[in-house]
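First listed ligand is number 1; within each ligand, the first listed atom is number 1.
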Amino acid sequence: MKNLANFAEIVDEAARTAKAIPQFVGDDEMTLDEAYAVQAMSVSRRIQRGERRVGFKMGLTSRVKMEQVGVSEVIWGRLTDAMRVEEGGVLDMGGYVHPRVEPEIAYLMKKPLSGDVSPMEALAAVEAVAPALEIIDSRYENFKFALGDVVADNSSSSGFVVGGWHAPETDVANLGIIMKFDGRPVEIGSTAAILGNPIRSLVAAARMVARSSERLEPGYIVLAGGATAAAHLAPGVHVSCEFQNLGDVEFRVAD
Ligand code: 0L1
Ligand code: MG
């Protein structure tokens, strides 16, 4: 019998100690439901250590992201308060294995949402939208994983930065994005890369988390997924990202 709790301990310890582990699941050895069960157990371990659930992240919601990691399914993960990096703050790479950063759209929920909903129903449950950056950090050596691995590893959730909030009716369907390292563009894209419109990612989130008996709770943040490929972080780098109509988000990596 598979010991899912053991998988959860391994992946949680890898995240806690920022030590890379070999890819350990593979697609044949664990069903997707089992991988999400491992994810739930590993996040429970964080909660037992005092972290608090603050939302969800959607992953691989754009073609460029799927191609970057060789996994072609939309996935999701759980966010905790310990993953939040203040906008304009400093990130210490010591807590990460090999972090990357990608531009995203964040939704703040005002009403619960779960199951099959339309884009209009999803939007009616939103309190505000914001530009955001996700810091992803696969715990697997060389960012090499199959679908089950990455889902078990909380879909590489490790950090996020949220910029200023805007009214929910703000049009975020196709906004230009320029992500810069030390003032030099490293990724250019559009929010339209996120499933054609980030609201579709919120719809998918409501549907997908319901399968694990979860729902998007009032006050939760939902990251809609990367709009461009993710860029490797390095010590000392200043990361800034301009979002058309939404403003900038930035942070610095400690030396
Ligand atoms: O889009 C994402 O946030 C994907 C996370 C999982 C794959 C990765 O680590 O790049
Ligand atoms: Mg992401």
Side-chain angles (χ1 to χ4, degrees), residues 11 14-15 18 20-27 30 32 35-36 38-39 42-43 54-80 83-85 91 93 95-107 129-163 172 177 179 186-187 189-196 198 200-202 204-205 208-209 220-233 239 241 243 249 251:
V11 84
I21 53 173
Q23 176 183 357
F24 71 140
V25 177
D27 274 342
M30 195 182 280
L32 196 53
Y36 277 111
V38 171
Q39 181 190 122
S42 82
V43 174
V54 295
F56 293 99
K57 60 82 60 82
M58 295 298 283
L60 306 181
T61 50
S62 66
R63 188 182 305 270
V64 67
K65 285 281 325 192
M66 288 180 175
E67 284 169 358
Q68 187 173 33
V69 297
V71 174
S72 55
E73 280 196 44
V74 173
I75 57 178
W76 59 275
R78 295 162 163 97
L79 302 177
T80 73
M83 298 176 190
R84 186 162 191 153
V85 176
L91 176 142
M93 279 192 50
Y96 301 80
V97 180
H98 36 207
R100 299 175 177 180
V101 62
E102 57 193 25
E104 307 223 356
I105 290 292
Y107 290 98
V129 290
L133 292 168
E134 185 185 17
I135 298 128
I136 50 171
D137 191 28
S138 174
R139 268 51 70 157
Y140 299 109
E141 290 164 353
N142 305 315
F143 253 89
K144 184 166 173 4
F145 44 72
L147 179 62
D149 299 297
V150 66
V151 166
D153 183 26
N154 200 12
S155 298
S156 303
S157 306
S158 70
F160 63 96
V161 187
V162 180
V172 298
I177 294 172
M179 186 164 75
V186 289
E187 291 290 341
S190 161
T191 55
I194 304 165
L195 294 180
R200 294 195 185 130
S201 183
L202 194 64
M208 292 176 80
V209 305
Y220 269 20
I221 288 169
V222 182
L223 298 175
T228 70
H232 285 276
L233 290 173
V239 180
C241 194
F243 289 76
V249 185
F251 68 95

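- At least one side-chain heavy atom of Ile194 sits under 4.5 Å from a side-chain heavy atom of Thr61.
- Draw a line from the Mg ion (ligand 2) to OE1 of Glu134 and another to OE2 of Glu104, and the angle between them is 100° (to 10°).
- Here is the list of ligand 1 atoms found below 4.0 Å of a heavy atom in Ile136: 3 (O), 8 (C), 9 (O), 10 (O).
- Shortest contact from atom 1 (O) of ligand 1 to any protein heavy atom: Leu60 N, 2.9 Å.
- Among protein heavy atoms, atom 9 (O) of ligand 1 sits closest to Ser156 OG, 2.6 Å.
- A heavy-atom distance below 4.5 Å is found between the side chains of Met208 and Tyr36.
- For Glu102, the N, O or S atom with the smallest separation from the Mg ion (ligand 2) is OE2.
- The closest donor-acceptor contact from the side chain of Arg100 to the backbone of Ala230 lies at 3.5 Å or more, if one exists at all.
- Ranking protein heavy atoms by distance to atom 7 (C) of ligand 1, first place goes to Phe145 CZ, 3.6 Å.
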side-chain contact (heavy atoms from CB on, under 4.5 Å), that's the test. Do Ile177 and Cys241 meet it? Break it down for me. CA-CA 7 Å; Ile177 294 172; Cys241 194; 3.5 Å; yes

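- Taking a cut-off of under 4.0 Å to the non-hydrogen atoms of Phe143, the atoms of ligand 1 that pass are 8 (C), 9 (O), 10 (O).
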Any chance you could lay out the side-chain contact (heavy atoms from CB on, under 4.5 Å) test for Leu32 and Glu73, step after step, and finish with the verdict? CA-CA 11 Å; Leu32 196 53; Glu73 280 196 44; 4.0 Å; yes

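- In this structure, Glu104 contributes its side chain and Gly225 its backbone to a donor-acceptor pair below 3.5 Å.
- Taking 4.5 Å as the limit, some side-chain heavy atom of Arg84 sits within range of a side-chain heavy atom of Val162.
- Within the set Ser62, Ser155, Gly59, Ser138, the minimum heavy-atom distance to atom 5 (C) of ligand 1 is found for Ser155.
- By the 3.5 Å distance cut-off applied to N or O atoms, Val69 is not counted among the residues near ligand 1.
- The distance criterion of under 3.5 Å between nitrogen or oxygen atoms is not met by Glu104 with respect to ligand 1.
- Looking at ligand 1, you won't find any N or O of Arg100 less than 3.5 Å from one of its N or O atoms.
- Heavy-atom contacts of Val150 reach the following atoms of ligand 1: 6 (C), 7 (C) (cutoff under 4.0 Å).
- The closest donor-acceptor contact from the side chain of Asn154 to the backbone of Gly77 lies at 3.5 Å or more, if one exists at all.
- Scanning the protein for heavy atoms near atom 3 (O) of ligand 1, the closest one is Lys57 NZ, 2.9 Å.
- Of all atoms in ligand 1, numbered sequentially from 1 with element shown, those under 4.0 Å from a heavy atom of Glu102 are 1 (O), 2 (C), 3 (O).
- The closest side-chain heavy-atom distance from Trp76 to Val222 is not below 4.5 Å.
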